[in-house]
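Okay, structure first, notes after.
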Number of protein chains: 2
Amino acid sequence: MSQVSTPQDNGFLLDAEEVEQISRAAWYYYNDGLTQNQIADLVGVSRIKVSRLLEKGRQAGLIELRINSPHEGSLGLQEELVSAFGLTQARVVPQAEGLAAGPRIGRAAASLLTQGLCPNDLLAIGWGEAVSTTLRYMAPVFPQNNISLVSLTGGVSAYIGNTGLYGPQGFAHLIPTPLRVSSTELAEMLRLEPYVRNVLDMALTAKTALIGVGSVARSATLVRYGYCTGAEIELFTRRGAVGDVLGYFYDRDGQILDLDVHRHVVAVTPDDLRQIPSVIGAAAGPEKVEAILGLLRGRLANILVTDEPTARELLRRK
Amino acid sequence: MSQVSTPQDNGFLLDAEEVEQISRAAWYYYNDGLTQNQIADLVGVSRIKVSRLLEKGRQAGLIELRINSPHEGSLGLQEELVSAFGLTQARVVPQAEGLAAGPRIGRAAASLLTQGLCPNDLLAIGWGEAVSTTLRYMAPVFPQNNISLVSLTGGVSAYIGNTGLYGPQGFAHLIPTPLRVSSTELAEMLRLEPYVRNVLDMALTAKTALIGVGSVARSATLVRYGYCTGAEIELFTRRGAVGDVLGYFYDRDGQILDLDVHRHVVAVTPDDLRQIPSVIGAAAGPEKVEAILGLLRGRLANILVTDEPTARELLRRK
DNA sequence: CAGAATGACGATCAAATGATCCCTTGTGCG
DNA sequence: CGCACAAGGGATCATTTGATCGTCATTCTG
């Protein structure tokens, strides 16, 4: 039955027939308010099957819940953030003790993007787990509205694999290099390579960009993915680094530091990034506060997605 | 407590505090998957209150369910409609015996629009119950994305009142005349009136328009609202009318008829309407089939929202 | 080809939800 | 001042839902 998908089918891929079933069930359930039993009778399957279809649809992001309110979460905090840091928009996810922040931020960012993107738009994406999580929730939206993706940095392909984006991925234009290479010369050559250059140029035409915010810690994603050693991180910290965007480290004022590693990076430069009208930074957690502060002070992003505790801390330390 | 809203508060208006509560509860419930009990503890209200908040949110359209699928409902029918009538898009809501078609079509159209509109866009609206229902479901979306409304015809204000659109309505540009006036001269004068002219011109700059499809029956909305008498309808039918857009009657090929009444109408002309890139027609029901056929044959709309039985009938009679 | 493993499906049951009823509180009117 | 009435909130209970378990079919493997 499912001879289409690859062996390690991760469960997020649905074939067309299933999508149709799910859509129909979802419509009956959520829009018409029928019970699962009624739907079961109508469609001619068992009730439990309906329950499973709906569950699957929610999982896969096919069924998306949208909160049409400028103040999803805490309105007050959002407004304070906007005015305190001169942002154009902010989204603050409500506090919740026991829940992992990652997926929640991802959902919020995805919802923000879904609202903000127009059909046929181009979305530029940076590097980081928040980006990956967000894409994961947006997967079904892309084909729908014919949205294309373009990467701001190398090394993104590793992430895209995790996001359940299906299809031939003709809509994703990724820089086919690592984020960081071993020498200045190689980095320079790669950046001038026509295909790479094309993607970099294309990225700058995007009206919206989504970036993660890297904290400077031995547990940072950059380290875990092997782009950086813990020792290097320590060195950068001593030079004043508090975070990174697109592989470039900056100090507490958001000033990009003068580090060798920056000449080894294959990515859009922070200055170019600032040319993109809407740059969305998504991050939360106590360990990210310093990094976010730098990001905002340096005007490297003008839209912020974070959670309640982080927002409070940002405002306190403003 | 609710001294803000007018006496005949229709129950769809929410004050800011309530919106915040609802948003928060909805986030916890739908995104985090907490139970109503857990939310109750978290927010410090009773469980039943949470239940009621969520219900209210859904009612008011604050909580919206989106099905991210190109085939909401019946994919097959949608594709057939697109190719049979040369449309750019079609949306078919699934069949359901006992349910009123009106709200369902409205929901579908609202969802289509919500997906297709960009922030700061202008949406042109025509005349009819389908339009009114659709707007009703979109009310919370407008302020969110800063969408403005512009009317394609006179007489729309009567409808807008029903839609629960709140705020000072600075975002709605309506033609402040009836749809139809008593003489050619008056209609002409009104059309040249600067304010009216402005709105008409503005409507033509919209990239998207939403229109209803009037059937030619004694029960037609046009008749019920007193713009037309049953006798006139009968006359038009004898002249070959099968339906109307924006108050203009057309025959089964979608050709606009040469009727006196058209010179009494204050509205954008069908020819101008065709200049709008996306014209969405929303209608369903056996009595509308002929009218929809004419509409599509005359290329007066290029996107159709309808239901399953109507779609089948359209294809059969193609 | 047999056996095992994997996944789909359906039954059972506990949890969650919302409808209904009733109580409390506030409000207007006699 | 008291009474009637309406609105908001909470308790109870029937319904709805999804988690767990067992069964069957299908496929991979030896």
query = B:Leu53 CG to D:dG8 P: how many Å, rounded?
reply = 12 Å
inquiry  = Are the side chains of B:Leu65 and A:Leu65 in contact, using a 4.5 Å heavy-atom criterion?
reply    = yes
N/O donor-acceptor pair under 3.5 Å between A:Ser111 side chain and A:Arg107 backbone = no
key: Rounded to 10 degrees, the angle between the two terminal axes of the helix from C:dC1-D:dG30 to C:dG30-D:dC1, each from five pairs   = 20°
query = With side chains defined as the heavy atoms from C-beta onward, is the minimum distance between A:Thr114 and A:Tyr137 less than 4.5 Å?
reply = no
message = Can you give me the closest heavy-atom contact between A:Thr134 and A:Ala130, atom names plus distance?
response = OG1-O, 2.7 Å
request  = Taking side-chain hydrogen bond (donor to acceptor under 3.5 Å, both in side chains) as the test, write out the residues that go with A:Asp121, two or more places apart.
outcome  = A:Lys207
remark   = Tightest non-hydrogen contact, residues B:Leu210 and B:Ala282, listed as CD1-CB, 4.5 Å
Spacing of B:Lys56 atom NZ relative to D:dA7 atom P, expressed in whole Å = 12 Å
request  = State whether the side chain of A:Tyr28 and the backbone N or O of B:Gln95 hold a donor-acceptor pair below 3.5 Å, judged by distance alone.
outcome  = yes
Under the side chain to side chain contact (heavy atoms under 4.5 Å, CB included) test, residues paired with A:Gln89 that sit two or more places apart = A:Arg91, A:Leu112, A:Ile303
ask   = Ion pair present between B:Glu55 and B:Arg52, side-chain N to carboxylate O less than 4.0 angstrom?
value = no
request  = Determine, for nucleotides 10-17 of chain D in 5'-to-3' order, which nucleotides have protein heavy atoms under 4.0 Å from the base (write B), from only the sugar-phosphate (write S), or from neither (write -).
outcome  = B-----SB
N/O contacts under 3.5 Å, protein versus nucleotides 22-25 of chain C?
none

request  = Apply salt bridge (Lys or Arg N to Asp or Glu O under 4.0 Å) to B:Arg312 and list each qualifying residue two or more places apart in sequence or on a separate chain.
outcome  = B:Glu308
